[in-house]
Q: 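If you scroll down you'll find the structure; I have some questions about it.
As the structure lists them, so they are numbered: ligands from 1, and atoms in each ligand from 1.
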Amino acid sequence: MALSTAERLERIGAAAAALVENATLVGLGTGSTAAAMVDALGERVQDGLSITAVATSNATRDQALALGIPVVRLDEIDRLDICIDGADEIDPALNLTKGGGGALLFEKLVARRANRYVIISSDEKLVDHLGDRFKLPVEVVPVGWVHTKASVEHLGLYPEIRMDGSEPYLTDSGHFILDCTWPHEKPDPAHLATSLKAITGVVEHGLFIGMADEVMTIGPDGEIETRTR
Ligand code: A5P
């Protein structure tokens, strides 16, 4: 029988939290799926699991601290044993689109320090090609953002500034986000990633190429599948 969204989140969150071993350093992702994992991890910590966490957003840090999970800054650690996060799209090579929740910069910084990077998601987010179901978030410096947007357009993307009411949405680092529709003929994601990083004013983009080690997806009936690189 099909599960509700809340039941699916709870199930995949618990399955991901079960991957975490005692006395490890853990990266905590951002978004509703990662939040379900943090809730489950909080229960394990209350039952005696000893971990230290690094959060990928202020929201996740606040959630973890409220659950009694010790949180340190990224600069206080060298490597993380594991980082668990959500995603907005996952392609067959396990490349990802991330940043729907606006935390892509911290998410990528934390993921880069992880020995094991695990993505958790509902199976609707599996796509043939990145851009099939979600716009690509690109984080830009506010100063000169109009010109940065024009440079992004030159790559064939259709960027729109993300708004928060009547003002541009601000990331935890105080940057803006351009949500970019892909062109009809989609470029190779790895090539696009390189081109975006070469634009002055682009801080980071939501393409996570060759980073995920494992992807756990949950189907409508609660069945969990794991894909590994
Ligand atoms: C946050 O910036 C994103 O990368 C999230 O990880 C992504 O948007 C997934 O969020 P949900 O789990 O809420 O779908």
Q: Just wondering, do Pro137 and Arg162 contact through their side chains at under 4.5 Å, heavy atoms?
A: yes

Q: With a 6.0 Å cut-off (strictly less than), is the heavy-atom count around CD of Glu7, excluding the residue itself, greater than 12?
A: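 Enclosed.
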
Q: Tell me whether the count of non-hydrogen atoms from other residues, nucleotides or ligands lying under 6.0 Å of CD in Glu225 goes above 12.
A: no

Q: For His129, check side-chain contact (heavy atoms from CB on, under 4.5 Å) against everything at least two apart and list the hits.
A: Asp132, Trp182, Lys186, Pro189

Q: Tell me, please, which residues at least two apart from Thr30 pass side chain to side chain donor-acceptor pair (under 3.5 Å).
A: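 Checked Thr30 against side chain to side chain donor-acceptor pair (under 3.5 Å); matches are Thr56, Ser57, Thr60.
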
Q: Going by the rule side-chain contact (heavy atoms from CB on, under 4.5 Å), which residues pair with Gln63 if we only count those two or more places apart in sequence or in a different chain?
A: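 Counting only residues at least two positions away or on another chain, Gln63 forms a side-chain contact (heavy atoms from CB on, under 4.5 Å) with Ala35, Val38, Asp39, Leu67.
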
Q: Listing by chain and number, which residues have a heavy atom under 4.0 Å from ligand 1?
A: Thr30, Gly31, Ser32, Thr33, Asp85, Gly86, Ala87, Asp88, Lys98, Gly99, Gly100, Gly101, Gly102, Ala103, Leu104, Glu107, Lys125

